[in-house]
Amino acid sequence: MLQFKAPKGTTDILPDVARRWQYLERKAAELFSLYGYEPIITPVFEHTEIFQRSIGMSTDIVQKEMYTFMDKGGRSLTLRPEGTAPVIRAYVEHNMNLLPQPVKLYYTGPMFRYERPQAGRYRQFWQLGIEAIGSDDPAIDAETILLMINYFKSVGLKELTLYINSMGCDKDRPAYIRLLKDYAGENREKLCKDCRKRIDLNPLRLFDCKEESCQLVMQDAPKMIDYLDEACKEHFNKVRQYLDMQSIVYIIKPELVRGLDYYTKTAFEVVSPLLGAQNAIGGGGRYNKLVEEFGGPPTPGIGFAIGTERLSIAVDKEGAFVSTDSKMDVFIAIADEAAKSAAINLLFALREAKISADIDYMGRSLKGQLKYADKRGFKYTVFLGSRELESGKVAIKNMETGEQIEVPLNELVDKLLEIIKQNQPSISQTID
RNA sequence: GUGAUCGUAGCUCAAUUGGUUAGAGCGUCGGACUGUGGCUCCGAAGGCUGUGGGUUCAAGUCCCAUCGGUCACCCCA
């Protein structure tokens, strides 16, 4: 029995899945840079206030999901529960407002949220995200949404549903919130006890309740989208126009309220039917007050985050990624101990020539070595023993056909290069 | 934080109504005439049955607790 296990809600990504994972990250880096994004890597923990101030004290994330701890210097630190706040903090800290705007950044890395694990939800989970900071142009909203959709397409996902909404801004939202509170207050008796608390704490969240009675009440509640001021309405319409121009199909979902307080104007979410209850595979929105919140100049911004494990699950279910179970090129079989050092020299010479190669390190018999080479899926086996060293000729065996040819020892590397070149892709080549 | 369900070798699973030293397949390792894989055959290693209590003459099988997995709620990626 194993004494140690990965902590609850965490998991090891074993080679089979790790291959798909790396593929997804590689495709993301390719596509994001095509759209002008540059990589950024921020710390995995931040000062706790970073998240309290940006995400919002009344949100579930801050109230019950953060991994917060004191370090030995008495600082309150928190393992980042999301990627946007740290990037904005970095933007302000490094005066990126002085760079040509907008500043486009992408990141990938682990996030941490203390929740009960379930399908597609972990305590340590990975996100792929982007942030475009500096522009309030609705065209960049559309580009952001488009980038996410195109990325999903590029890794083979179909049947995605895109929801969009507008959350208003600091000009029109306060009046709307009052309206919403009034409405909810009038219907207080019909709401569940959680929702009654939400009326004052976080009224937008009233729309999230799964209770039928609450949903019934909220159906007729005033929707933000109907109370946008002229500027926000215009912005939202422009975003829609740009999306329509690119033939992007979306559903306007007035109830879509992302669970982070910093969103303004455009909010969006993509769900996949291939996932379980946790079906949001990516989401994001605009955050025009966030830079100010961190002490920077008034600067608009927008971004999204994609859940890497949810994406990985969906891609797997879609069968969109065929694992290129990397076949090694050459196995060197040592026929007798006398040839061992010659074999090791050959091994490194092969690798020097970019031929993937390996050798037995377990003291197996020749037969055992062949079995091993077979199981590991080598394409060729080279036999090296005192016989070969004396005659100067070595045998190359094609492990698939069983054919064997003899070549002079001093031409072996060139010969192998030649053979490998004219045959199938090897481990050193990538497949899309 | 709430609820449901599960927990036997590395993996997938067995083990009559609680009853002798807990089994199989796959995998791993070794062998089947001395320098050659894939098929077949033989053999070996590997489990204090998640952990801790309890009931019983007797518990993998029943009860309680705890930890963990899975799924759902809350919420989100």
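What's counted below: heavy atoms across the whole structure, side chains too, no hydrogens, waters or symmetry copies. We name chains A, B, ... by the order of the sequence lines, and we start the count at 1 in each one.
- Here, U5(B) and U51(B) have their P atoms 22 Å apart, quoted to the whole Å.
- A distance of about 13 Å separates the C1' atoms of G10(B) and C29(B), rounded to the whole Å.
- Figure legend. C33(B) is base-paired to no nucleotide; pairs are counted as Watson-Crick or G-U wobble with both atom distances under 3.5 Å.
- In this structure, E388(A) reaches the bases: a heavy-atom distance under 4.0 Å links it to at least one base atom across the strands shown.
- Across all strands shown, G284(A) has no heavy atoms under 4.0 Å from either base or sugar-phosphate atoms.
- Of the residues in residues 272-282 of chain A, those lying under 4.0 Å from RNA chain B by heavy-atom distance are G276(A), A277(A), Q278(A), A280(A), I281(A), G282(A).
- A gap of 7 Å separates the C1' atoms of A14(B) and A24(B), to the nearest Å.
- Under the Watson-Crick or G-U wobble criterion, with both distances below 3.5 Å, G27(B) is left unpaired in every strand shown.
- Non-hydrogen atoms lying under 4.0 Å from RNA chain B are contributed by nothing in residues 142-164 of chain A.
- Remark: D16(A) engages R19(A) in a salt bridge, criterion side-chain N to carboxylate O under 4.0 Å.
- R121(A) comes within 4.0 angstrom of a base, heavy atoms only.
- Base pairing of G46(B) is not made with any nucleotide, judged by Watson-Crick or G-U wobble geometry with both donor-acceptor distances under 3.5 Å.
- Counting any heavy atom pair closer than 4.0 Å across all strands shown, G368(A) reaches no nucleic acid atom.
- In this model, no side-chain donor or acceptor of Q118(A) finds a partner on the base of G69(B) within 3.5 Å.
- W21(A) approaches E309(A) most closely through the heavy-atom pair CH2-OE2, 3.6 Å.
- Between the side chain of K375(A) and the base of G38(B), no donor-acceptor pair of N or O atoms lies under 3.5 Å.
- Without hydrogens or angle criteria, S312(A) side chain to T308(A) main chain gives no donor-acceptor distance under 3.5 Å.
- You won't find any donor-acceptor pair under 3.5 Å spanning the side chain of R364(A) and the base of G37(B), going by distance alone.
- Looking only at distances, no side-chain donor or acceptor of S76(A) sits under 3.5 Å from a matching main-chain atom of T48(A).
- Looking at heavy-atom distances under 4.0 Å, Y122(A) makes contact with a base.
- Pairing for G38(B) is absent, with no Watson-Crick or G-U wobble pair whose two atom distances lie under 3.5 Å.
- With both pairing distances under 3.5 Å, U2(B) is matched to A72(B) as a Watson-Crick or G-U wobble pair.
- Comparing A72(B), C29(B), G31(B) against the side chain of K371(A) picks out G31(B) as the nearest.
- Between E93(A) and R89(A), at least one side-chain nitrogen of the basic residue sits less than 4.0 Å from a carboxylate oxygen of the acidic one, meeting the salt-bridge criterion.
- Comparing G35(B), A77(B), C29(B) against the side chain of Q127(A) picks out A77(B) as the nearest.
- Atom pair R387(A):CZ and U36(B):C1' shows a separation of 10 Å (rounding to whole Å applied).
- Using atom C1' as the reference point in both C13(B) and G43(B), the two lie 24 Å apart (nearest Å).
- Of the candidates A77(B), G35(B), C29(B), G35(B) carries the atom nearest the A335(A) side chain, counting heavy atoms from C-beta on.
- Here E400(A) lies in heavy-atom contact (under 4.0 Å) with a base.
- Within 3.5 Å, a donor on the side chain of Q404(A) pairs with an acceptor on the base of U36(B), or the reverse.
- Base pairing of C57(B): its partner is G19(B), meeting the Watson-Crick or G-U wobble criterion (both donor-acceptor distances under 3.5 Å).
- Set against G38(B), G35(B), C75(B), the side chain of D374(A) has G38(B) as its closest nucleotide.
- Using a 4.5 Å heavy-atom threshold, the side chains of Y242(A) and Q246(A) count as separate.
- Atom OH of Y114(A) sits in a sparse spot, with 12 or fewer heavy atoms from other residues, nucleotides or ligands closer than 6.0 Å.
- Between P7(A) and G385(A), the residue anchored closer to the 5' end of RNA chain B is G385(A), taking for each the nucleotide with the nearest heavy atom.
- Checking Y114(A) against I306(A), the closest nucleotide of RNA chain B that is more toward the 5' end is the one next to Y114(A).
- Looking at R286(A) and D136(A), a side-chain N of the basic residue comes within less than 4.0 Å of a carboxylate O on the acidic one, giving a salt bridge.
- Side-chain contact check for S272(A) and N279(A): no donor-acceptor pair (N or O, by modelled atom type) lies under 3.5 Å.
- Using atom C1' as the reference point in both U17(B) and U56(B), the two lie 16 Å apart (nearest Å).
- Nearest nucleotide to the L370(A) side chain, out of A72(B), G37(B), U28(B): G37(B).
- Partner L384(A) forms a side chain to side chain contact (heavy atoms under 4.5 Å, CB included) with one of L412(A), L409(A), I359(A), D336(A) and no other, that one being L409(A).
- Residue L128(A) is out of contact with every strand shown, counting any heavy-atom pair closer than 4.0 Å.
- Distance from the side chain of M399(A) is smallest for G37(B) among the nucleotides G1(B), G37(B), A77(B).
- The salt bridge (Lys or Arg N to Asp or Glu O under 4.0 Å) with D358(A) is formed by just one residue from the set K379(A), K327(A), R351(A); it is R351(A).
- The same atom, P, is picked in G7(B) and in C64(B); the two are 15 Å apart, to the nearest Å.
- Geometrically, R376(A) does not engage F331(A) in a cation-pi contact, judged by NZ or CZ lying under 6.0 Å from the ring centre and within 45° of the ring axis.
- When Watson-Crick and G-U wobble pairs are counted only if both distances are under 3.5 Å, A14(B) pairs with no nucleotide at all.
- Not a single donor-acceptor pair, N or O on each side, falls under 3.5 Å between the base of U36(B) and the side chain of K367(A).
- Distance from the side chain of K8(A) is smallest for G68(B) among the nucleotides G68(B), G35(B), C71(B).
- For the C1' atoms, the distance from U8(B) to U61(B) is 11 Å, rounded to whole Å.
- On the P atoms, G23(B) is 14 Å away from A15(B), given to the nearest whole Å.
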